[in-house]
Amino acid sequence: MTTVLGIWAHPDDEVFTSGGFMADAVRRGERVVCLHLTRGEAGLYHRQVWPGHELASVRSAELAASLGRLGISEQRFLDLPDGGLFLVPWEEIVAQLHDELVEIHPDVIVTFGSDGFTGHSDHKVLSGWVSSAVRLWDCSRVRVLHPLVPHSWNDTVVHRLNEFDFFWPGQVQFSDRNDLTVRLDDELLEAKIDALKAHASQMEPLFEAYGEDFFRSIFSTEVFRPGVRPGFRSRMMLDLKQA
């Protein structure tokens, strides 16, 4: 059985970038594990400032509900400080992530690339940590995927989500034409939308502002770029064609 490991900075990172990919893995009978470095306590609660310890509890519960909608039952926290990952000693966390890789022994890792998808500093720091931990683990068969912002979002999505300060200025890196595009069928898209809604403290204001049809249209595809290991692209595309 293949094991897919998602490594993320905050609750809701996982579903926004790769919810359909993970739900599809579950549907195929694969093991899916999510590892979150923080509980998202530095965020907002329905666009309002909220005590960190209370928001951490809310977002942890929302994450459990969201993963449940994707069929994922394994999730772990490292409980690092939200918004302050750059302050955490590099060697300490790389060693901790290495231990998680050894224990979970994933075949596929899904995590942020160097752009951090939205440009968030926590996302970018996490990317460097994971890359170092993967090289330290030195497992020849592991495959790494980095989610990317689709080109189609350039004119229709980015400026709208930025009404909610979603992307960090000047940090968006759009996908290339030859990157790996995963198209979600109706079942997977439904699961992803439901999982997004479960992160109500973060997503409810966006759904109210733009409507569910907007999110269905932009999340019908997920785009990834192979990372860390050379020669990964052809193997991954072959796997998807054979599925």
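Here the structure is a predicted model, which is why all the values come from computation and not from measurement.
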Exercise for the section: Among Glu14, Arg59, His10, find the residue that satisfies the side chain to side chain contact (heavy atoms under 4.5 Å, CB included) test when tested with His36. Expected result: Glu14
Exercise for the section: Would you sort out whether Lys192 and Asp24 count as a salt bridge (Lys or Arg N to Asp or Glu O under 4.0 Å), showing the intermediate values? Expected result: CA-CA 10 Å; Lys192 179 162 184 170; Asp24 186 45; over 6 Å; no
Problem - Ring centres under 6.0 angstrom apart (Phe207, Phe214) - result: no
Problem - Criterion side-chain hydrogen bond (donor to acceptor under 3.5 Å, both in side chains) on His199 and Ser66, from CA distance to verdict - result: CA-CA 7 Å; His199 289 284; Ser66 178; 3.3 Å; yes
Handout entry: Selection residues 64-84 - residue pairs positive for salt bridge (charged side-chain N to carboxylate O under 4.0 Å, His left out), sequence neighbours left out
Key = Arg31-Glu74, Arg39-Asp79, Arg76-Glu100, Arg76-Glu103
Problem - Side chains of Phe164 and Leu206 in contact at under 4.5 Å (non-hydrogen atoms) - result: yes
Problem - Phe166/Phe117 aromatic ring centres below 6.0 Å - result: no
Practice task
Using a strict 4.0 Å threshold on nitrogen-to-oxygen distance, state whether Glu204 and Lys197 make a salt bridge.
Solution key: no
Exercise for the section: State whether the side chain of Asp185 and the backbone N or O of Leu188 hold a donor-acceptor pair below 3.5 Å, judged by distance alone. Expected result: yes
Practice task
Answer yes if the side chains of His46 and Ser201 hold a donor-acceptor pair under 3.5 Å, and no otherwise.
Solution key: no
Problem - Salt bridge present between Arg141 and Asp107 (N-O < 4.0 angstrom) - result: yes
Exercise for the section: Report yes if some heavy atom in the side chain of Phe215 is under 4.5 Å from a heavy atom in the side chain of Ile193; otherwise report no. Expected result: yes
Exercise for the section: Please name all residues satisfying side chain to side chain contact (heavy atoms under 4.5 Å, CB included) with Trp129, sequence neighbours left out, ordered by chain then number. Expected result: Leu37, Leu80, Leu85, Val88, Trp90, Ile93, Val94, Leu97, Val125
Handout entry: Side chain to side chain, Thr3 and Val108, heavy atoms closer than 4.5 Å
Key = no
